[in-house]
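The first residue in the sequence is number 1, and the count goes up from there.
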Amino acid sequence: RGYYIRARAVDHCVQDFLLKTQNLSRTQILSLGAGFDSLYFRLKDMGLLHHTVVYEVDFPNVAYQKATLIKGMKELSALVGDTGGEGLGAITFSGEDYKLLGVDLSELSELQRTLEEAGLNNEIPTLFIAEVVLTYMENTRSDALIQWAAEHFPQACFLVYEQVHPEDPFGHVMQQHFRQLNTALHSLAQYPDCEAQQKRFLGKGWTEVSVMDMNEFFTCCIPEDEQQRVQTLEPFDEYEEWHLKCSHYFVLAASKGMEPSWTPLLPSVTVPRHAGPVGMAGSVPAAVCARLSGIPGLRRYGHRSVLVKPNVILTTGGFGEEHGQHCRMRNFHVLSKHAGYWEAVCVTQNIPDKRWGERLYHTVSCLSDTLALVVGGRTSPSSAGLGMLWLKFPETCNASGPDDVTVELVNLQPAAEAAALRWRHSTTEMTFKGEQYLFVYGGRSALEPVLGDWCFLHTPELSCTVIAVEGPVPESRHSHSACSWEGGVLIAGGLGAAEQPLGSVFLLRELEHGFQWQTIETHPALVPRYSHTAHVHEGKLLLVGGVWFHASSVPGITVIDLMTGLCLDYVISVEHLEWPLMLHNHSSVFLPDEKELLVIGGGGNCFSFGTHLNPVPVSLSLSSILIGH
């Protein structure tokens with residue numbers, strides 16, 4: 001998907017240029033740093049190059065290799081047409097409507113001379129393409145190139161695709177990757193966001209500039225049926241990685257002197273955007289749990305952590321790092337607090353068979369200090385989902401954590417079985433008429449990319465009970481948060497149909513004869529997000545981290561006053577951490593007495609830049625933002 005969206009954005013803009021100029025007698029395309037791109041051959045094969053000459057420029061060694069490849073392949077040389085002779089000097093290949101030039105882009109006078117020699121005409125409409133090219137050049141040289149194109153071509157369009165947002169956690173991993181390849185991204189420091197890139201082009205002689213990141217491009221410029229085709233091509237569950245990758249790349253279309261004007265990035269639909277950064281009400285300090293560094297098994301994502309009893313936290317499942325290898329996590333881990341410090345114990349499981357199933361995206365609900373219920377989860381996204389399990393802790397379990405955990409399969413009635421075959425769902429403790437229930441809601445399954453149904457499981461026998469629910473039903477969602485509150489359930493955010501984050505908050509409230517869905521209005525409106533965690537403390541809903549793409553910063557802690565709907569965002573101060581803190585696919589446990597929030601694991605794969613898993617649990621002190629509450 002990551003490479004698809006790049007190719008799609010470039011094709012979209014190039015074909016728009018060819019369409020808008022189809023009635024002109026001549027146009028040209030100049031692809032800068034073209035590499036081994038097959039754009040010319042695809043356009044030619046589709047019959048779109050009636051009166052357009054394509055010029056490609058790259059380093060001489062790349063241009064020569066590409067020329068050799070073209071000459072050695074019948075299909076390619078047939079598309080270009082017989083050139084009747086070798087290329088001359090810097091012109092490594094010369095066809096009727098295709099010229100391949102070996103020149104260093106940073107040597108502007110040399111570039112200009114070679115282009116003139118190859119027949120480039122600066123009096124006709126010209127489209128410049130720079131697809132992840134300018135950022136590898138020193139800024140003074142790339143700026144000069146942008147300005148040169150504007151000054152020398154009265155009718156011109158410029159298409160750019162490259163990286164953005166270097167300073168958030170994903171941006172740090174991205175930059176580190178390119179530094180290790182010895183190909184640093186030069187543009188980012190001076191032009192860190194879409195707005196800066198837009199100003200850059202406007203300041204260098206271009207009169208119309210539109211720019212959007214790839215989340216916006218996918219939502220706004222790709223037809224709905226094509227979005228659906230892409231979303232159903234294969235079993236897919238890497239939403240966080242996909243959306244983060246898309247928020248770190250942009251497409252920009254600049255033009256001058258074009259009649260009619262060239263606007264390939266006009267959205268066919270508009271998405272609500274939060275202009276600029278979200279206003280922050282303050283900050284929350286993050287500190288590493290010192291005694292937990294280097295403990296294997298705490299680097300993981302898609303896991304669940306639950307408070308078994310005071311100061312004892314059990315973490316299960318997920319995908320992470322064990323014995324130096326990335327794998328699905330079989331071992332359970334217990335964190336326990338002694339004399340103010342968290343310490344870790346790896347727990348043996350009494351599992352004679354594969355009952356645990358190495359699951360991700362399950363839920364764990366503690367029903368007593370010796371019993372917890374695991375619901376759902378998956379191995380792979382094409383698996384049918386996994387059922388329910390009991391986790392039993394020994395009676396003697398003390399603050400040092402259980403020595404072992406017994407895992408038992410739950411035999412369910414068919415009605416409850418359907419509730420278990422899902423993942424990225426929520427399971428929340430609630431009461432109805434004084435009886436204890438678990439409310440299983442939403443998620444996704446191998447067949448349904450997003451679910452909106454629910455089930456009331458009566459505990460402890462886990463029978464699926466029918467209870468009347470009235471009020472407007474929330475739209476289907478997964479990767480949302482759910483908390484117990486006043487006998488009911490608070491649902492916030494999530495990823496909805498069409499893979500769009502949601503910003504709604506609902507309360508499932510107990511009535512005399514059943515329950516009612518009630519919308520909680522937030523002011524200002526909650527920025528849509530998913531893959532966050534949540535906790536309730538004295539009438540306040542705390543949302544921790546997640547993924548959003550309607551705002552430029554990354555989510556920290558959001559506090560929603562459930563009485564007034566007031567919504568305040570707090571940035572997490574990471575100055576004492578030596579690594580990027582990725583707050584998605586994590587788990588968190590809130591300790592109300594200390595007003596401490598413990599974040600365990602989180603992170604994941606970062607496109608082609610490598611995998612980043614938060615190495616050590618992090619403690620967030622919330623006393624300053626919950627003061628007096």
Exceeds 12 heavy-atom contacts within 6.0 angstrom, atom CZ of F59: no
Q163 versus V132, closest heavy-atom pair with distance: NE2-CG1, 3.7 Å
Note, M582 side chain near Y301 side chain (heavy atom, < 4.5 Å): no
Centroid separation F158 to F201 less than 6.0 Å: yes
Nearest non-hydrogen partners of G35 and V62, listed with the distance: CA-CG1, 4.0 Å
Heavy-atom side-chain proximity of L134 to L145 below 4.5 angstrom: yes
Test item: D561 side-chain N/O and L566 main-chain N/O as donor-acceptor pair under 3.5 Å: no
Side chain to side chain, L526 and L543, heavy atoms closer than 4.5 Å: yes
Side-chain heavy-atom pair C13, W262 within 4.5 angstrom cut-off: yes
Euclidean distance, K204 NZ relative to R200 CZ, rounded to 0.5 Å: 7.5 Å
From CD (Q197) to CZ (F250), nearest 0.5 Å: 3.5 Å
Parallel, tilted or perpendicular: ring planes of H480 versus Y441, cut at 30 and 60 degrees: perpendicular
Aromatic ring pairing H177/F609, orientation class (parallel under 30°, perpendicular over 60°, tilted between): tilted
Pair R229 + D225, salt bridge at N-O below 4.0 Å: no
Pair K199 + D193, salt bridge at N-O below 4.0 Å: no
Side chain proximity check, H612 to P580, heavy atoms < 4.5 angstrom: yes
Output field: ring centroids F607/H248 closer than 6.0 Å: no
Parallel, tilted or perpendicular: ring planes of F236 versus Y239, cut at 30 and 60 degrees: perpendicular
Check: F41 ring centre within less than 6.0 Å of Y98 ring centre: yes
E138 side chain vs H186 backbone, donor-acceptor pair below 3.5 Å: no
OG1 on T126 to CG on L120, rounded to 0.5 Å: 6.0 Å
Heavy-atom neighbours of E195 CD exceed 12 at 6.0 Å: no
Close aromatic pair by centroid cut-off 6.0 Å: F319 and Y361: no
Euclidean distance, L252 CG relative to E162 CD, rounded to 0.5 Å: 9.0 Å
Side chain proximity check, I129 to L39, heavy atoms < 4.5 angstrom: yes
Sole residue of L127, T263, T21, T207 in side chain to side chain contact (heavy atoms under 4.5 Å, CB included) with M258: T21
Nearest heavy-atom neighbours spanning S588 and V544: OG-CG2, 4.4 Å
Distance-minimising heavy-atom pair for N614 and G601: ND2-O, 3.1 Å
Pairing of R1 and E238 as salt bridge, 4.0 angstrom limit: no
C194 SG to H165 NE2 distance, which is reported to the nearest 0.5 Å: 5.5 Å
F153 and F128 aromatic ring geometry - parallel, tilted or perpendicular at 30°/60° bounds: perpendicular
Donor-acceptor pair, side chain of H12 and main chain of P264, under 3.5 angstrom: yes
Reported CZ-to-CG distance for the pair R42 and D45, which is rounded to 0.5 angstrom: 10.5 Å
Whether over 12 other heavy atoms sit under 6.0 Å from R179 CZ: yes
Trace of the side-chain hydrogen bond (donor to acceptor under 3.5 Å, both in side chains) decision for S479 with S531: CA-CA 5 Å; S479 310; S531 197; 5.8 Å; no
Residue pair R299 / P615: nearest heavy atoms and the distance that separates them: NH1-CB, 3.5 Å
Presence of salt bridge, E499 and R444, under 4.0 angstrom: no
Geometric class of the W242/F218 ring pair [parallel <30°, tilted 30-60°, perpendicular >60°]: perpendicular
